[in-house]
Amino acid sequence: MTGTEHSSAAARVQTRIEVSDPKIMVNLLGPKDEILKLIERTVVSDVHVRGNEITVTGSPADNATAERLFSELIELIEKGETLTVDAVRRTAAMLAQNIGERPADVLTLNILSRRGRTIRPKTFGQKRYVDAIDSHTIVFGIGPAGTGKTYLAMAKAVQSLQAKQVNRIILTRPAVEAGERLGFLPGTLNEKIDPYLRPLYDALHDMLEPDSIPRLMQAGTIEVAPLAYMRGRTLNDAFIILDEAQNTTPEQMKMFLTRLGFSSKIVVTGDVTQVDLPNSTVSGLQVVRQILDGVEDVHFSELSSNDVVRHRLVSEIVDAYARYDADQESTQSVHAVPGRTASGGRTGRRR
């Protein structure tokens with residue numbers, strides 16, 4: 001319950017928020033008031049708590065922002081969540097985007113739970129990505145490191161397997177180093193390729209009982225393999241994930257997408273800013289959007305630095321590199337002289 005009244009300062013008003021349930025208020029404050037202190041640092045208005053009443057003092061606009069933040073946090077608690085510092089930060093960040101969706105709806109969308117740990121989207125972009133996986137046969141998750149594009153796709157794959165919507169999960173990556181440079185390393189081809197597939201195994205261990213993974217892999221229920229192993233196959237009743245897709249060629253991307261069989265779903269993930277292919281090789285992920293433009297039941301989800309769920313510095317690093325790349329392109333464009341070749345000579349003339 002809220003109410004607003006004018007304070008002594010002409011430009012400032014007071015908004016009162018009543019919290020009827022003492023348990024909600026305790027959760028809202030946090031251990032040693034850590035949640036309340038974070039909220040005070042996050043909002044512009046002054047926040048004062050007394051008993052079951054929260055008083056917010058500031059401009060009408062600032063109070064409205066603070067009131068909405070408290071409303072979302074109370075909604076999270078009412079839905080059974082225990083507030084954390086991370087949840088408060090993500091809620092505030094989503095509200096700052098001001099796009100009309102409720103953060104509480106995002107942060108309570110459970111995908112998988114295991115041993116008290118729940119996997120769920122943490123940003124608007126991640127929720128749209130997860131929703132797209134539910135409603136489309138082929139989904140491309142494109143974005144920088146740390147946006148959860150592979151992790152969430154794998155969580156949806158495990159969820160689909162447990163719900164018996166598919167009979168198997170197939171996880172694949174292009175092993176771009178599996179050619180001549182890896183040829184000098186000791187071991188079999190599988191041992192050489194294994195480090196490139198290790199992140200997929202690590203994610204599986206987060207989502208399934210470790211003891212069950214070897215059994216599921218031996219039975220063929222879960223398969224983790226290099227992209228080259230997909231050639232010539234038709235994959236029915238499967239949830240198929242292609243990770244690190246920026247390192248596919250257009251021919252490899254076509255080969256992979258045409259493996260799709262009946263009652264299957266494909267998720268392709270990658271970061272077009274981190275292509276490891278030779279300079280003269282075009283990335284299949286960079287051109288596939290143009291190729292598949294207008295094809296029904298194919299969806300492209302764009303994730304950005306706003307969707308990074310690792311350490312806060314990762315988001316800032318992503319943005320810093322994007323600015324640097326833009327500056328480099330701008331500088332190269334300015335220094336390019338029309339009518340001259342790369343060697344400095346004029347086109348169409350001999351020196």
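As a basis for the values below, the full set of heavy atoms in this structure was taken, side chains included, without hydrogen atoms, waters or symmetry mates.
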- Identify the heavy atoms of S264 and N236 that sit nearest to each other, and give their distance. OG-C, 3.2 Å
- Note on the structure: Shortest non-hydrogen pair, S45 vs G58, comes out as OG-CA, 3.8 Å
- Message: Check R90 with D86, please: is the shortest side-chain N to carboxylate O separation under 4.0 Å?
- Response: yes
- Query: Of R50, R16, Q14, H48, which meets side chain to side chain donor-acceptor pair (under 3.5 Å) against T55?
  - Reply: R16
- Message: Quick one: does any side-chain atom of N63 pair with a main-chain N or O of V56 as donor and acceptor, under 3.5 Å?
- Response: yes
- Task: Would you sort out whether E34 and L38 count as a side-chain contact (heavy atoms from CB on, under 4.5 Å), showing the intermediate values?
- Result: CA-CA 6 Å; E34 67 172 2; L38 175 58; over 6 Å; no
- Does N247 use its side chain to pair, donor to acceptor, with the backbone of D276 at less than 3.5 Å? yes
- Message: I'd like to know if the side chain of K265 reaches the main chain of A157, judged simply by a donor and an acceptor atom lying under 3.5 Å from each other, with no hydrogens or angles considered.
- Response: no
- Flag the pair D131 and K127 as a salt bridge only when some basic side-chain nitrogen lies within less than 4.0 angstrom of an acidic carboxylate oxygen. yes
- Is there a donor-acceptor pair under 3.5 Å between the side chain of Q246 and the backbone N or O of L285? no
- Message: Quick check against the 3.5 Å criterion: does E72 have a side-chain atom that pairs as donor or acceptor with the backbone of A104?
- Response: yes
- Message: I'd like to know whether V47 forms a side-chain contact (heavy atoms from CB on, under 4.5 Å) with I54, so could you lay out the CA-CA distance, the side-chain angles of the two residues, the decisive distance to 0.1 Å, and finally the verdict.
- Response: CA-CA 7 Å; V47 178; I54 302 170; 4.0 Å; yes
- Which is it for T273 and D271 under the side chain to side chain donor-acceptor pair (under 3.5 Å) test, yes or no, and what are the steps along the way? CA-CA 5 Å; T273 69; D271 179 1; 2.7 Å; yes
- Task: State, to 0.1 Å, how close G141 and Y129 come at their nearest heavy-atom pair, and which atoms those are.
- Result: CA-CE1, 3.7 Å
- Message: Side chains of Q126 and R128: any donor to acceptor distance under 3.5 Å?
- Response: no
- Whether T221 side chain and M217 backbone form a donor-acceptor pair below 3.5 Å: no
- Query: Does one hydrophobic cluster hold both L257 and V272, with members joined at side-chain heavy-atom distances below 4.5 Å?
  - Reply: yes
- E53 versus I17: any side-chain heavy-atom pair under 4.5 Å? no
- Under 4.5 Å between side-chain heavy atoms, hopping through other hydrophobics if needed: is there a path connecting V309 to Y321? no
- Query: Do V26 and L29 share a hydrophobic cluster (ILVMFWY, side-chain heavy atoms under 4.5 Å, transitive)?
  - Reply: no
- Item | Validation row: L112, R117 side chains within 4.5 angstrom (heavy atoms) | no
- L216-I169 co-clustered via ILVMFWY side chain contacts under 4.5 Å: yes
- Which value, rounded to the nearest 0.5 Å, describes the distance between R259 atom CZ and T172 atom OG1? 12.0 Å
- L227 side chain near L242 side chain, heavy-atom distance below 4.5 Å: yes
- Query: What is the minimum heavy-atom distance between N27 and I35, and which atoms define it?
  - Reply: O-CG1, 4.2 Å
- Query: Going through the checks in order, is the side-chain contact (heavy atoms from CB on, under 4.5 Å) test met by T57 and V13?
  - Reply: CA-CA 6 Å; T57 305; V13 298; over 6 Å; no
- Query: Taking side chain as C-beta onward, heavy atoms only, is L69 less than 4.5 Å from V43?
  - Reply: yes
- Euclidean distance, I133 CD1 relative to T137 OG1, rounded to 0.5 Å: 12.0 Å
- Would you give the length of the straight line joining atom CG of L292 to atom NZ of K254, rounded to the nearest 0.5 angstrom? 11.5 Å
- Would you check, one step at a time, whether the test salt bridge (Lys or Arg N to Asp or Glu O under 4.0 Å) holds for E75 with R68? CA-CA 10 Å; E75 178 75 11; R68 191 177 176 203; over 6 Å; no
- Task: Give a yes or no on whether the backbone of D211 and the side-chain of R215 come within a donor-acceptor separation of less than 3.5 Å.
- Result: no
- Message: Between K23 and E78 (salt bridge meaning N to carboxylate O under 4.0 Å), is one present in this structure?
- Response: no
- Item | Reported CE-to-CZ distance for the pair M94 and R102, which is rounded to 0.5 angstrom | 11.5 Å
- Of all heavy-atom pairs between S304 and T147, which one has the smallest distance, and what is that distance? O-CG2, 3.3 Å
- Decide yes or no on side-chain contact (heavy atoms from CB on, under 4.5 Å) for L171 and L204, but give the supporting numbers first. CA-CA 10 Å; L171 312 172; L204 279 177; 4.0 Å; yes
- Message: Between D237 and V166, is there a side-chain heavy-atom distance shorter than 4.5 Å?
- Response: no
- If Ile, Leu, Val, Met, Phe, Trp and Tyr residues are connected whenever their side-chain heavy atoms lie under 4.5 Å apart, and connections chain through other members, are L107 and I99 in the same group? yes
- Query: Hey, mind stepping through D62 and R12 against salt bridge (Lys or Arg N to Asp or Glu O under 4.0 Å) and telling me if it holds?
  - Reply: CA-CA 10 Å; D62 291 336; R12 290 166 66 82; over 6 Å; no
- Message: Distance check, rounded to the nearest 0.5 Å: D206 atom CG versus Y201 atom OH?
- Response: 15.5 Å
- So do the side chains of L28 and L36 get within less than 4.5 Å of each other, counting heavy atoms only? no
- Task: Can you sort out the partners of T123 under side-chain hydrogen bond (donor to acceptor under 3.5 Å, both in side chains), two or more places apart, ordered by chain and number?
- Result: D307
- Run the salt-bridge test on R289 and E302 with the 4.0 Å N-O cut-off and return the result as yes or no. yes
- Note on the structure: So CD1 of I240 and CD1 of I170: to nearest 0.5 Å the spacing works out to 5.5 Å
- ring pair (Phe, Tyr, Trp, His ring centres under 6.0 Å) filter on F300, not counting sequence neighbours, yields F140
- Message: Which heavy atom of Q286 sits nearest to which heavy atom of V275, and what is that distance?
- Response: NE2-CG2, 4.0 Å
- Message: Is the shortest side-chain heavy-atom distance between V267 and F239 below 4.5 Å?
- Response: yes
- Message: Keeping R173 on the side-chain end and P226 on the backbone end, is there a donor-acceptor pair under 3.5 Å?
- Response: no
- Message: Could you check whether any side-chain heavy atom of F124 comes within less than 4.5 Å of a side-chain heavy atom of V106, counting everything from C-beta outward?
- Response: yes
